[in-house]
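Working notes, beginning with the structure itself.
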Amino acid sequence: MIKSATPIVEIRHLSKTYIRGDYKIPVLEDITFDVMAGEFLALMGPSGSGKSTLLNLIAGIDHADSGQIIIGGDHITSFSETQLSLWRANHVGFIFQFYNLIPVLTALENVELPLHLTDLSRKERREHAAIALSLVNLKNRMDHYPGQLSGGEQQRVAIARAVVTDPTILVADEPTGDLDLASAEDILSLMEQLNLQSGMTIIMVTHDPRAAEKAKVLRHLEKGVLSHAHFQNPY
Amino acid sequence: MMVPFSYSFRNLWTRRLTTILTIFGMALVVCVFASILMLAEGLQKTLVQTGSDDNVIVIRKGSGTEVQSGVERQQASIIETMPEIAIGMDGKKRVAKEIVVLISIPKRKTGKPSNVVIRGIQGPSISLRPQVKLIAGRLPRTGLSEVMVGLSLTDKFKGIELNQKICCGLRNWMIVGIFDAGNTGFNSEIWGDVDQLMQAFRRPVYSSVIFQLSNPSMFQEVKLRIANDPRLSLEAKRETQYYLEQSEMMAKFLRILGLSLTIIFSIGATIGAMITMYAAVANRTAEIGTLRALGFQRKAVLVSFLTESLLLGFLGGCTGLFFASFMQFFTVSTVNFQTFSELAFRFNLTVKTVYSAFIFSILMGFIGGIIPAIQASRMTIVDALRAV
Ligand SMILES: Nc1ncnc2c1ncn2[C@@H]1O[C@H](COP(=O)(O)OP(=O)(O)O)[C@@H](O)[C@H]1O
Ligand SMILES: [Mg+2]
């Protein structure tokens, strides 16, 4: 596949150290790797190994100490904060462990929320959001508030919100971490489907081996160092 | 690109109880603020309505009020001969020389004495004040110790009733009539024959001369002539202007009182709003992180939270004004500082008061909300997202 041979995310000599009081905690040390377009990457590793930190840097919500991140040709490590916000709105879809839906907005309004940052009309926003919700099989629940939905349903709404802007990459931090087995399975096959059918590039942090099974590529992060890619699920 | 308005509004709705309590605190302050402004407006309106635009009042230069003024008989005669004075249906000039004296009468409720204006009038005095209408008894006759009293005095002062006598200036005066002067200062006055009053109070001079211009546009000319006449140390004012000036000190006092009171109260209400908004920011930290991650800028978050507290202020303003508007049904009576006499008037709600009250309440919302909103916008995304 030609498409998967093109790197969409290029990470070069990325380092990040947290300073807590007097001592420094090096979290990421000189990380370099690529994520190909259409790849479904699972980042694994023990708790505290820096998975979330790495994902946050790729998603453009945290700042590296040194190194570069180039996504779809954009050098996001040299972006200003405002540029980063705009870039995220157009290029990143987020899936969080605790769904992070806005409780006072309905499912449809939650999915519509990122579209407020585009110049779509009100009607177009509604339409796009409704399509995204039907993609996750929740069209009949669009007027429900997050509190009226189960954890699995909330995460499906969150996935709809993440893909509604048709982002360049989808980042997911422990997307099944708060779900029961059946719901987790549901969410994972949804992500797999997005990757296979729509060619969505997905970077997922997890420590659940069952979740990692669905990914095409596995990488382990340990003590700030990333392992080589381990390919699975031949494609 | 802003966070949708419904987000701010629904969050207020979701925490209804806190919202209502916060709004109520603000409403109380707005109610006090608006009421005092209404009081000042009411006072001013009453005094301004006392005057008519085509009437001219002449008093001693620099005296400010009729109470402090003195117009000598000779000077009064010069004024009377001015050709610009209108002629009435009866062929007589529409001019009156009047005297104003303060007397002390005990109040009905407390028994404490309070000052009342007693005005010596002449024939044309009544027709010069079309607001004054006799509603009971008859007019006082010239040459007799008779008076008529303003309607608002009757229920506020002891012994001010038809066919009763009041004692002042070493004489007993028979109350032969009651007049209604509507919402004006005259409604709190006692009127009697000018010559009788001058004798009784041993006053050799008048307080003022009132006349109507045959053509109101001649006022400037008349005013200049009086000011420049070396025989007269007098000044002429339009009656409306005269009464407006009378109300200025009192209205100003009320406004300053209102402002100082409400500034003190508003500190409490503003802190209330601030606590509410700080709690909102703390409860929704993860939400703030999410909004920012989705691509909303810091200023969008700031505006969203500020909108919430401005809405609180706006709703507080509405509620406060709603309650304050009921004050319009009350009449109050107080001493006018400028004349030291009792004056009855109503709370008056004007558009200006509505504006001021809204600006005030929205300002409370702004001050209460700005610091929490800045705090919300300053969070780093990663830290905010951790607060699940
Ligand atoms: N804001 C922070 N301040 C200080 N230390 C942090 C901060 N965020 C993360 N860390 C530390 O960085 C390390 C990696 O964290 P994280 O990326 O969340 O790990 P993982 O997601 O793999 O569990 C941990 O030791 C964590 O304590
Ligand atoms: Mg983590």
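In what follows, every chain begins at residue 1, and chains take the letters A, B, ... in the order their sequences are listed.
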Side chain / backbone / both / neither for [X] at chain B, heavy atoms under 4.5 Å:
{"X": "A:Tyr99", "result": "neither"}
{"X": "A:Leu84", "result": "neither"}
{"X": "A:Glu109", "result": "side chain"}

_chain A-proximal positions within residues 290-316 of chain B [heavy-atom distance under 4.5 Å]_ = B:Thr290, B:Leu291, B:Arg292, B:Ala293, B:Leu294, B:Gly295, B:Phe296, B:Gln297, B:Arg298

_Report, in residue-number order, which members of residues 19-30 of chain B are under 4.5 Å from chain A by heavy-atom distance._
none

Any donor and acceptor pair, going by atom type alone, linking the side chain of [X] with main-chain N or O of [Y] inside 3.5 Å?
{"X": "A:Gln155", "Y": "A:Gly152", "value": "no"}
{"X": "B:Ser266", "Y": "B:Ala269", "value": "no"}
{"X": "A:Arg141", "Y": "A:Gln148", "value": "yes"}
{"X": "B:Arg10", "Y": "B:Tyr7", "value": "no"}

*Between A:Ile31 and A:Arg219, does a side chain to side chain contact (heavy atoms under 4.5 Å, CB included) hold up when you go through it step by step?*
CA-CA 12 Å; A:Ile31 305 257; A:Arg219 283 178 188 273; over 6 Å; no

_Does A:Thr82 form a side chain to side chain donor-acceptor pair (under 3.5 Å) with A:Ser85? I'd like the steps, not just the answer._
CA-CA 5 Å; A:Thr82 310; A:Ser85 289; over 6 Å; no

*Side chain proximity check, B:Ile371 to B:Tyr278, heavy atoms < 4.5 angstrom*: yes

*Check side-chain contact (heavy atoms from CB on, under 4.5 Å) between A:Asp166 and all other residues, then give those that pass, not counting sequence neighbours.*
none

*Find the one option among A:Pro114, A:Ala162, A:Pro103, A:Gly93 whose heavy-atom pairs under 4.5 Å with chain B are most numerous.*
A:Pro103

*Ring centroid separation for B:Phe326 and B:Phe330, is it under 6.0 angstrom?*
no

*B:Phe9 vs B:Phe5 aromatic rings, parallel, tilted or perpendicular, using cut-offs 30° and 60°?*
parallel

_Around atom CG of A:Asn140, are there more than 12 heavy atoms from other residues, nucleotides or ligands closer than 6.0 Å?_
yes

_Could you check whether atom CZ of A:Arg122 has more than 12 heavy atoms from other residues, nucleotides or ligands sitting under 6.0 Å from it?_
no

*Do B:Asp53 and B:Thr240 get their side chains close enough for a donor-acceptor pair, meaning under 3.5 Å?*
yes

*Search all heavy atoms of B:Ala286 against all heavy atoms of A:Asn100 and return the closest pair with its distance.*
O-ND2, 4.3 Å

*For B:Arg346 and B:Phe329, work out which heavy atoms get closest and say how close.*
NH1-CA, 4.4 Å

*Looking only at heavy atoms, which of residues 41-69 of chain A get nearer than 4.5 Å to chain B?*
A:Asn56, A:Ile61, A:Asp62

